[in-house]
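Notes for the one structure printed next.
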Amino acid sequence: MNREIKAIIFDLDGVLCFTDKYHYQAWKALADELGIYFDEKINNRLRGVSRKDSLEIILERSDKQYTQEEKEQFTEKKNALYRQLLHDMSPKDASEEVRRTLLELKQRGYKLAIGSSSKNTQFIINQIDIASYFDAVADGNDITYSKPDPEVFLKAAAKLGISPEQCAVVEDADAGIKAAKAGDMLAFALGGDAQYSDIKDVELTDFADLLNYL
Ligand code: BG6
Ligand code: MG
């Protein structure tokens, strides 16, 4: 790699922990209630996308027009169910592999941050007890535009005080890889639909594979 990387910004859902399965369950329950078809493939398009924009993607399959008020009720309902599922999370939900890799990267001198579209980021960080690994967190509460816009990663870089071209991003979402590249950052793809991206820089085999590149 011909650039000097000083910081790594991690996506949360689907990279540091597997909340993506809870997002799916909660959206699926809402879609079933509304009689709208929803499956894992459509769910892949929701990775990295804000709650509001996710609902719009789900409603593409509906012939009904819903008011703004109804849409707000739907996102609130989904989030309430999602938060219930998050209550079951514990420190065990951040794997030993993730913890060991983050610690090693810190020891190698990298600054570490989280860059997530989720407004539940702090709650999840507390549930799985990973705050101590990170120098900064930028999340859905800090931004106007969600991925593929680079805003959340640029906010994370600014919080770290590192220029974007010296940052690497780790993502499971195609929208997240687009956001990283739009922000002039190095993009590592890990699973999800990120692995199929044409513009990713590196495809990781697993989380610890990062150590082979940094
Ligand atoms: C992202 C997830 O991290 O956060 C998306 O990949 C989700 O699927 C988005 O829609 C917003 O999350 P939340 O917790 O604010 O509803
Ligand atoms: Mg993700």
Side-chain angles (χ1 to χ4, degrees), residues 8-31 38-60 71-89 93-95 98 113-128 130 134 137-153 155-156 168-181 183 185 187-197 200 203-204 206-207 210:
I8 308 144
I9 306 171
F10 294 87
D11 173 51
L12 178 68
D13 298 316
V15 169
L16 292 170
C17 59
F18 294 103
T19 40
D20 46 344
K21 66 179 184 230
Y22 298 136
H23 276 296
Y24 175 72
Q25 278 179 44
W27 282 126
K28 177 76 178 142
L30 179 76
F38 182 64
D39 62 15
E40 295 271 3
K41 196 165 169 227
I42 302 170
N43 187 60
N44 258 337
R45 290 175 58 206
L46 311 185
R47 289 177 191 273
V49 174
S50 73
R51 199 180 306 163
K52 201 161 156 264
D53 293 345
S54 295
L55 179 68
E56 293 299 336
I57 293 174
I58 289 168
L59 294 181
E60 283 171 10
K71 288 181 184 178
E72 271 161 35
Q73 283 168 7
F74 296 159
T75 48
E76 272 168 32
K77 198 164 193 175
K78 181 266 172 178
N79 194 48
L81 179 52
Y82 177 60
R83 296 270 301 198
Q84 261 178 38
L85 296 168
L86 292 182
H87 272 104
D88 287 343
M89 293 191 92
D93 287 287
S95 70
V98 164
I114 291 177
S116 169
S117 305
S118 173
K119 292 185 173 169
N120 292 300
T121 296
Q122 275 306 337
F123 184 69
I124 297 166
I125 289 174
N126 293 339
Q127 287 293 98
I128 65 176
I130 54 168
F134 298 98
V137 175
D139 69 22
N141 299 297
D142 294 313
I143 55 171
T144 309
Y145 306 104
S146 88
K147 301 166 190 174
D149 191 281
E151 189 179 4
V152 78
F153 293 142
K155 279 262 155 75
V169 163
V170 186
E171 262 293 347
D172 69 316
D174 180 55
I177 297 289
K178 288 187 176 126
K181 297 315 294 175
M185 298 178 181
F188 287 102
L190 179 61
D193 60 347
Q195 61 189 313
Y196 308 115
S197 162
K200 64 180 182 278
E203 186 177 339
L204 298 173
D206 51 36
F207 195 87
L210 259 184

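Counting begins at 1 with the first residue of the sequence. Every number for a ligand or one of its atoms is a count from 1 in the order of the listing. Here the structure is a predicted model, which means the values were calculated and not measured.
A salt bridge links K155 with E151: the closest approach of a Lys/Arg side-chain nitrogen to an acidic carboxylate oxygen falls below 4.0 angstrom. With respect to D11 and R47, no salt bridge is recorded, no charged nitrogen being found less than 4.0 Å from a carboxylate O.
Numbered from 1 in the order shown, with element, the atoms of ligand 1 that lie under 4.0 Å from a heavy atom of R47 read 6 (O). Listed by atom number, the atoms of ligand 1 under 4.0 Å from V49 heavy atoms are 5 (C), 7 (C), 9 (C), 10 (O), 11 (C). Using a 4.0 Å cut-off to heavy atoms of G48, the atoms of ligand 1 that qualify are 2 (C), 5 (C), 6 (O). When each atom of ligand 1 is checked for a heavy atom of L46 under 4.0 Å away, the hits are 5 (C), 8 (O). Residue K119 has at least one heavy-atom neighbour below 4.0 Å for each of these atoms of ligand 1: 13 (P), 14 (O), 15 (O). Listed by number with element, the atoms of ligand 1 under 4.0 angstrom from any heavy atom of S116 are 3 (O). Residue N120 approaches ligand 1 through these ligand atoms, each under 4.0 Å from one of its heavy atoms: 13 (P), 14 (O).
Considering backbone and side-chain atoms alike, Y82 places every N or O at 3.5 Å or more from each N or O of ligand 1. In terms of polar-atom proximity, defined here as any N/O pair under 3.5 Å, R51 does make such a contact with ligand 1.
When heavy-atom distances to ligand 1 are checked against a 4.0 Å cut-off, D20 has no atom that comes that close, whether in backbone or side chain.
For S54, the heavy-atom gap to ligand 1 drops under 4.0 angstrom. Remark: distances from the non-hydrogen atoms of A173 to ligand 1 are all 4.0 Å or more.
Residue D20 does not count as close to the Mg ion (ligand 2), with no N, O or S atom under 2.8 Å.
Using a 4.5 Å heavy-atom threshold, the side chains of N43 and F38 count as touching. Side-chain contact between R51 and N120 is present, with heavy atoms from C-beta onward closer than 4.5 Å.
Residue-environment remark: NZ (K77) stays at or below the threshold of 12 foreign heavy atoms within 6.0 Å. By the 6.0 Å contact criterion, NZ on K119 is open, its count of non-hydrogen atoms from other residues, nucleotides or ligands being 12 or less.
Atom 3 (O) of ligand 1 has D13 OD2, 2.6 Å as its closest protein atom, hydrogens excluded (heavy atom only).
Aromatic rings of H87 and F123 (six-membered ring for Trp) have centroids within the 6.0 Å cut-off, being under it.
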